[in-house]
Amino acid sequence: MLNFELHNPTRIVFGRETIGRINELVPSGARALVLYGGESARRNGVLGQVHEALGSRVVFEFGGIEPNPSFETLMGAVEMVRDKKLDFLLAVGGGSVIDGAKFVAAAAAYDGDPWRIMETHGAAVTQAVPFGAVLTLPATGSEMNRGAVITRKSTQAKLVFSSPHVYPRFSILDPTMTYTLPSRQLANGLVDAFTHVMEQYLTYPVDARVQDRISEGLLQTLVEIAPQVLTPDENYEARANLMWSATLALNGLIAAGVPEDWSTHMIGHELTALHGIEHARTLATVLPAAMLVRRDAKRARLLQYAERVWNITEGSEAERIDAAIAATRGFFESLGVPTHLRDYGVGAEHIDAVIAQLEAHGMTALGERQGVTLDVSRRILEASL
Ligand code: NZQ
Ligand code: ZN
């Protein structure tokens with residue numbers, strides 16, 4: 001096992017009827033800003049419950065944070081925090097709103113050009129306004145981690161920043177908040193959480209048995225619950241298992257002491273920035289292709305994945321790896337998520353531009369052994385078509 005440090009300060013409050021707990025979790029004298037996305041949070045009543053819990057505190061609202069939150073939009077919230085002297089943020093939404101709140105929290109407390117936060121991938125952040133979250137979409141794990149992905153629309157740059165200062169102080173995880181999600185977003189959540197585990201699991205073995213088995217357990221859970229998650233019924237247990245799986249998939253636990261890949265995500269971010277494909281849907285096209293192109297470097301893990309996640313034990317090594325890749329693709333397709341870039345109108349003629357953006361963003365040596373050069377990314381994109 002590799003050396004590691006693990007320090008996750010986010011308090012999780014999980015379960016039905018937990019939104020009222022905001023009253024204890026937000027300081028009583030706080031001047032709060034509630035951040036949200038489009039109209040889903042108001043329509044399904046979450047925003048109303050949040051206001052009720054905040055009671056007589058001074059509360060402002062900032063709505064309109066779009067999926068793949070933009071620097072341009074978020075700077076409006078940064079101004080509001082400064083003008084109104086607000087000292088606590090509350091994100092109500094999915095990964096986009098929570099990521100947006102992380103940026104606002106860091107930028108409002110930053111002296112200088114806030115885009116530096118993104119250019120330095122978070123190294124420039126030395127403090128942030130405290131914030132909490134009410135999660136409405138299980139997918140990204142942003143509710144319990146220190147990362148955020150922000151897009152600058154003017155340059156089509158979708159970049160990641162990470163800082164210990166932007167862990168949420170708390171996150172409310174009430175699975176009933178997912179009842180209003182369209183099946184498309186639930187499918188996206190399953191794919192995103194699955195791929196987060198794969199980015200930390202499908203690398204090379206370091207004899208980290210606990211992490212391996214937790215990862216395999218999360219992958220199997222996601223596969224097992226998927227059919228119930230996608231039914232329109234208000235299936236509390238399925239949604240609760242999805243929510244907790246997605247949080248554990250990216251809260252630092254399974255990354256502790258193991259190598260990490262993340263190249264599927266970095267290629268995926270460029271596809272979202274250039275072609276507007278939803279985050280999880282980029283992953284569903286890139287991951288199976290990356291498994292194919294990098295099958296030699298990942299041979300040992302692919303065989304372990306085949307056996308322990310999919311019970312594939314028959315045939316030659318090459319056959320078992322082929323079957324594991326096919327099972328992964330089949331799982332995504334079974335959720336109604338396409339696994340080819342052509343399904344989004346992206347063809348060979350678009351690959352040069354993706355490679356150019358990867359190069360512009362310094363993404364030239366990705367993966368667990370920095371072996372994903374621009375040439376390897378090109379081959380992965382070609383295999384994704
Ligand atoms: O905007 P509203 O009206 O709220 O609608 C949203 C949005 O259109 C809707 N929605 C959310 N909760 C709902 C709901 N609709 C009905 N009922 C509810 N309860 O869902 C749509 C998508 O929301 P969004 O927040 O964009 O989705 P997601 O949670 O998948 O977040 C995606 C973003 O997170 C980033 C992605 O790159 C992308 O920008 N990621 C963040 C990560 C992190 N911080 O650790 C890691 C991930 O790999 C990912 O990159
Ligand atoms: Zn993701």
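All ligand and atom numbering here is 1-based and tracks the order in the structure. All values reported here derive from a predicted model rather than from experimental measurement.
In this model, a donor atom of one side chain and an acceptor atom of the other lie less than 3.5 Å apart for S263 and D261. In the model, Y36 has a side-chain atom that pairs as donor or acceptor with a side-chain atom of R42 under 3.5 Å.
The N/O atoms of G95, backbone and side chain alike, include one that comes under 3.5 Å of an N/O atom in ligand 1. Residue contacts with ligand 1: T180 is placed with a nitrogen or oxygen under 3.5 Å of a nitrogen or oxygen of the ligand (distance criterion only). Every N/O-N/O distance between V149 and ligand 1 stays at or above 3.5 Å.
Below 30°, between 30° and 60°, or above 60°: for F194 and F331 the angle between ring planes is between 30° and 60°, a tilted geometry. Under the 30°/60° scheme for interplanar angles, the aromatic rings of H279 and H269 are found to be tilted.
Counting heavy atoms under 4.0 Å from ligand 1, residue M177 touches it through the backbone alone. Proximity of H196 to ligand 1, defined as any heavy-atom pair under 4.0 Å, is confined to the side chain (atoms from C-beta onward). Contacts between N145 and ligand 1, counted as non-hydrogen atom pairs separated by less than 4.0 Å, involve the side chain only. Contacts of D99 with ligand 1, taken as heavy-atom pairs under 4.0 Å, involve the side chain alone. Contacts of N44 with ligand 1, taken as heavy-atom pairs under 4.0 Å, involve the side chain alone. At a heavy-atom distance under 4.0 Å, only side-chain atoms of L250, from C-beta outward, approach ligand 1.
The atom name of the N/O/S atom in D192 closest to the Zn ion (ligand 2) is OD1.
The shortest heavy-atom distance from R43 to ligand 1 is not under 4.0 Å. The closest approach between any non-hydrogen atom of G147 and ligand 1 is below 4.0 Å.
Judged by distance alone, with hydrogens and angles left aside, the side-chain atoms of R16 form no donor-acceptor pair with the main-chain N or O of Y236 at under 3.5 Å. Between the side chain of Y167 and the backbone N or O of H7 there is at least one donor-acceptor pair closer than 3.5 Å. A distance-only check finds a donor-acceptor pair linking the side chain of N8 to the backbone of M144 [under 3.5 Å]. For the pair R31 (side chain) and V58 (backbone), a donor-acceptor distance under 3.5 Å is absent. Side-chain atoms of R294 never come within 3.5 Å of backbone atoms of I380 as a donor-acceptor pair (strictly under, hydrogens ignored).
Taking each of G63, P138, P67 in turn, the one with a heavy atom nearest to atom 7 (C) of ligand 1 proves to be P67. Heavy-atom proximity to atom 33 (C) of ligand 1, evaluated over S96, A246, A139, G189, is greatest for S96.
The protein heavy atom nearest to atom 37 (O) of ligand 1 is K158 NZ, 2.7 Å. Of the protein's non-hydrogen atoms, the one nearest atom 27 (O) of ligand 1 is L137 CD1, 3.3 Å. Ranking the protein heavy atoms by distance from atom 11 (C) of ligand 1 puts T136 OG1, 3.6 Å first. Of all protein heavy atoms, the one closest to atom 42 (C) of ligand 1 is T140 CB, 3.8 Å. Remark: minimum distance from atom 39 (O) of ligand 1 to any protein heavy atom is reached at N68 OD1, 3.1 Å. The shortest contact between atom 13 (C) of ligand 1 and any protein heavy atom is with L181 CD2, 3.2 Å. Among all protein heavy atoms, the one lying closest to atom 49 (C) of ligand 1 is H279 NE2, 3.3 Å. What sits closest to atom 15 (N) of ligand 1 on the protein, heavy atoms only, is S40 CB, 3.6 Å.
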Could you walk me through whether N235 and Q228 satisfy the side chain to side chain donor-acceptor pair (under 3.5 Å) test, starting with their C-alpha distance in whole Å, then the side-chain angles of each, then the deciding distance to 0.1 Å, before giving a yes or no?
CA-CA 7 Å; N235 184 331; Q228 292 113 59; 5.1 Å; no
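Geometric assessment of R281 against the ring of Y344 yields a negative cation-pi assignment under the 6.0 Å and 45° thresholds.
Using a 4.5 Å cut-off on side-chain heavy atoms (C-beta onward), R43 and T180 make no contact. Under the 4.5 Å side-chain criterion, counting only non-hydrogen atoms from C-beta, R116 is in contact with Y110.
Heavy-atom contacts of E39 reach the following atoms of ligand 1: 3 (O) (cutoff under 4.0 Å). Of all atoms in ligand 1, listed by their number and element, those nearer than 4.0 Å to a heavy atom of G38 are 1 (O), 2 (P), 3 (O), 4 (O). Near P69, the atoms of ligand 1 lying under 4.0 angstrom from a non-hydrogen atom of the residue are 39 (O). With ligand atoms numbered from 1 in the order given, ligand 1 contributes 1 (O) to contacts under 4.0 Å with heavy atoms of G37.
Note on D212 versus R301: salt bridge recorded, some NZ/NE/NH1/NH2 to OD/OE distance being below 4.0 Å.
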